[in-house]
Amino acid sequence: MSIFSIGLSGLSAAQTALSTTSNNLSNVYTEGYNRQLPILGESYSNGSTGTGVSVDEVQRQFNSYVTEQYNDANSQTSALESYQSQVSQIDNLLADSDAGLAPLMQDFFSSLDDLSGAASDPAAREGVLGSASSMAAQFRSFDSYLGDMRSSLNGQLEGTVTDINNTATQIASLNDQITQARAKSGEEPNTLLDKRDKLVSDLNELVGADLNVQDGDNYNINLENGQPLVSGTRSYDLEAVSSSEDPSRTVIGYRDAAGNVNQIDDSAFENGELGGLLSFRSETLDSVQNQLGRMTAVLGSEFNAVHEDGVDLNGDDGEAFFNVGSPRVMSNSENDGTGGITAEYDDVNQLTSSDYRITATEGGEYEYERLSDGKTGTLPDPDTGEMTVDGVALNVTGTPEEGDTFMLQPTRTAAQDFEVAITEGSEIAASSSADGDDSNGDVGSGNNENALALLDLQSEKIVGGTSSVSDAYASLVNDVGNTTNITQVNLDAQSGLTEQLREYQQSESGVNLDEEYANLVRYQQYYQANARVIDVGSQVLDSVLQLR
């Protein structure tokens, strides 16, 4: 091996080192880029003197363990961010001191107080109608807002599923490209590896994903419930589909190898944007809308009951003051039987803010599950017993098959139909019917006994027997506020942890400008020194030639 060859090997190594450093510098702000380092090795032959230097590899500075920890933390942060962005909207809505329901409920009962002081005063009666209409309209407005959030969330779920599928497809494709690149060149395709790891990080922001590296080559990725999302060069699609239990609800389906779409329970997703959105819907959105509906069902039904005991200014018996929505029951679209269930309120004081799953069992009986706490119970055969569950009476039609299920939502839609039923102030039954004898001049003359009874509902514990409607609303506002604050605290803590892990990961894989600048100078000198070796070799050769 001549001095020229040794010098050339050094020049080649220096060029590779300079190129690697230059590439690091140019990608200092490239997201997902991992710093590269030239690994040099000594060339040798059978002699005692080395024959130069070789570039063994350009090594990617990548720590899979730290990156996995960072991806997991980032996935949890993404879930909390999604949850927080949604729940804060409801918190702002409920806590608004001007647009909130609390002042409107207060105005309504204040107008009843005015009516009780002047039961035959037309102005006081119009005041009650006006405040009742405003309160009912605000209940409907809140329900509409929550309904819009539900529709928007369905759209977000569809978009997130599309992004997940696209990302999984790209990872599967890169698995194939990386395998081929390694086979062709025998070198690590660092650029492709960076792209794949960046996509894995992106995927974790969308959905919780477990990464397994097969034979140090392919990335296999499973969902949190263990179902494969990427397996080698193949990816499996998720689908946003309508729930078989509630067609207004978008849920996540998984298409298996046979092409069937199986719905995945929301609880299977905890992390990533998808997990955050689904958790928010099941934990907060459903509950808040149900509680609003419960308040309207209880307030409307209890108010109507007292109002119907009174007499209006025309001497007529009082009628329903409010129109109240009804419980909703939906048959599962996958049911085999022809059965259906209808429902109506029985005792509104027993209403909860939960939904229920009812399942037809062998022998004509039915089982129910209260979804908020998992409590289960058995309902009798409708032919032999009355079917009621937590203040809701059920009626079975048709013939369900064993295993058929039905989703009961007692209060979900109650607020959307809440409105004042009467149109004239004179129809307010402020007077008591007393003995039903109008000879004493009380009936229809505007005594205030029934108005006082209506006013008493303000403080009566008619919601679950434990709180008034105002108390129930205050509790709802407080619960949502606490959830928002707790989520924010958790988000701050998780964001801090994620940032620490990111910095740790970047300390090893990120590009340090100062370090690369120093390397650039060092490798430049390295190149110049090897060029000098060739120059010296040339001078030696010239000297030898001059000797002849």
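Quick note: residue numbers are just sequence positions, from 1. These numbers were taken from a predicted model, which means no experiment stands behind them.
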Legend entry - Test item: side-chain donor near acceptor, Y236 and N165, under 3.5 Å: no
Inset, instruction - For E362, check salt bridge (Lys or Arg N to Asp or Glu O under 4.0 Å) against everything at least two apart and list the hits. - result: none
Legend entry - Donor on one side chain, acceptor on other, N63 and Q505, under 3.5 Å: no
Legend entry - Any donor-acceptor N or O pair under 3.5 Å, side chains N220, N212: no
Legend entry - Qualifying ring-ring contact (aromatic ring centres under 6.0 Å, His included) pairs with a residue from residues 208-229, counting only residues at least two apart or across chains: none
Inset, instruction - Check the side chains of N290 and R412 for a donor-acceptor pair under 3.5 angstrom, ignoring hydrogens and angles. - result: yes
Legend entry - Audit row: D202, K198, salt bridge (charged side-chain N to carboxylate O under 4.0 Å, His left out) steps and yes/no: CA-CA 6 Å; D202 292 345; K198 175 63 171 58; 2.8 Å; yes
Legend entry - Spacing of E273 atom CD and L80 atom CG [to the nearest 0.5 Å]: 13.0 Å
Legend entry - Residue pair Q289 / Q291, side-chain donor-acceptor N/O under 3.5 Å: no
Inset, instruction - For S287 and T284, indicate whether the former's side chain and the latter's backbone hold a donor-acceptor pair under 3.5 Å. - result: no
Legend entry - Centroid-centroid distance, F303 to F108, less than 6.0 Å: yes
Inset, instruction - Answer yes if the side chains of E188 and N190 hold a donor-acceptor pair under 3.5 Å, and no otherwise. - result: no
Inset, instruction - Please identify each residue that fulfils side-chain contact (heavy atoms from CB on, under 4.5 Å) with L93, with sequence neighbours left out. - result: F142, Y145
Inset, instruction - Decide side chain to side chain contact (heavy atoms under 4.5 Å, CB included) for I341 and T397; before the verdict, give the C-alpha distance in whole Å, the side-chain angles of both, and the deciding distance to 0.1 Å. - result: CA-CA 6 Å; I341 295 179; T397 60; over 6 Å; no
Inset, instruction - Report yes if some heavy atom in the side chain of I462 is under 4.5 Å from a heavy atom in the side chain of N349; otherwise report no. - result: yes
Inset, instruction - Indicate the atoms forming the closest heavy-atom contact of S78 with G272, along with that distance. - result: OG-C, 3.9 Å
Inset, instruction - Could you tell me whether E187 and R182 have a side-chain N and a carboxylate O separated by less than 4.0 Å? - result: no
Inset, instruction - Identify the two heavy atoms, one from N34 and one from S509, that lie closest to each other, and give their separation to 0.1 Å. - result: OD1-CB, 3.1 Å
Inset, instruction - Kindly write out the residues that satisfy side-chain contact (heavy atoms from CB on, under 4.5 Å) with R502, not counting sequence neighbours, or none if the list is empty. - result: Y70, E499, Q506
Inset, instruction - Could you tell me whether the side chains of N332 and T405 share a donor-acceptor contact shorter than 3.5 Å? - result: yes
Legend entry - Heavy-atom neighbours of E508 CD exceed 12 at 6.0 Å: yes
Legend entry - Any donor-acceptor N or O pair under 3.5 Å, side chains D217, T179: yes
Inset, instruction - Decide whether S201 and N204 meet the rule of one side-chain donor and one side-chain acceptor closer than 3.5 Å. - result: no
Inset, instruction - Would you mind listing every side-chain hydrogen bond (donor to acceptor under 3.5 Å, both in side chains) that reaches into residues 481-495, with sequence neighbours excluded? - result: Q84-Q488, Q488-D492
Legend entry - Interatomic distance, T498 atom OG1 to E81 atom CD [nearest 0.5 angstrom]: 8.5 Å
Legend entry - Gap between atom CD1 of I358 and atom CG of L408 - 0.5 Å precision: 5.0 Å
Below 3.5 Å, can you tabulate the donor-acceptor pairs from side chains in residues 321-329 to any protein atom, sequence neighbours excluded?
| residue | atom | partner | partner atom | Å |
| --- | --- | --- | --- | --- |
| N323 | ND2 | E419 | OE2 | 3.2 |
| R328 | NE | Q409 | OE1 | 3.0 |
| R328 | NH2 | Q409 | OE1 | 2.5 |

Legend entry - Flag, side chain of R281 to backbone of L285, donor-acceptor distance under 3.5 Å: no
Inset, instruction - Answer yes if the side chains of N154 and E158 hold a donor-acceptor pair under 3.5 Å, and no otherwise. - result: no
Inset, instruction - State, without any angle test, whether D237 and Y254 hold a side-chain donor-acceptor pair at a distance under 3.5 Å. - result: no
Inset, instruction - For H307 and L454, indicate whether the former's side chain and the latter's backbone hold a donor-acceptor pair under 3.5 Å. - result: no
Legend entry - Residue pair N271 / E224, side-chain donor-acceptor N/O under 3.5 Å: yes
Inset, instruction - Quick one: closest heavy-atom pair of N71 and V200, and the distance? - result: ND2-CG1, 4.0 Å
Legend entry - Nearest non-hydrogen partners of N218 and R196, listed with the distance: CA-NH1, 4.1 Å
Inset, instruction - Say whether Q177 and S173, considering side chains only, have a donor N or O and an acceptor N or O under 3.5 Å apart. - result: yes
Legend entry - Step-by-step salt bridge (charged side-chain N to carboxylate O under 4.0 Å, His left out) determination, R370 to D373: CA-CA 6 Å; R370 191 163 63 196; D373 57 8; 2.8 Å; yes
Legend entry - Aromatic plane relationship, Y83 with F280 - under 30° parallel, 30 to 60° tilted, over 60° perpendicular: perpendicular
Inset, instruction - Taking only Lys NZ, Arg NE, NH1 and NH2, and the carboxylate oxygens of Asp or Glu, determine whether D286 and R249 approach each other closer than 4.0 Å. - result: yes
Inset, instruction - Of all the heavy-atom pairs spanning T250 and A240, show the shortest one and how long it is. - result: CG2-CB, 3.8 Å
Inset, instruction - For residues P400 and Y366, report the shortest heavy-atom separation together with the two atoms involved. - result: CG-OH, 3.2 Å
Legend entry - Short N-O contact, D197 and R60, less than 4.0 angstrom: yes
Legend entry - Matching residue for S333 among S244, S243, P247 - test: side chain to side chain contact (heavy atoms under 4.5 Å, CB included): S244
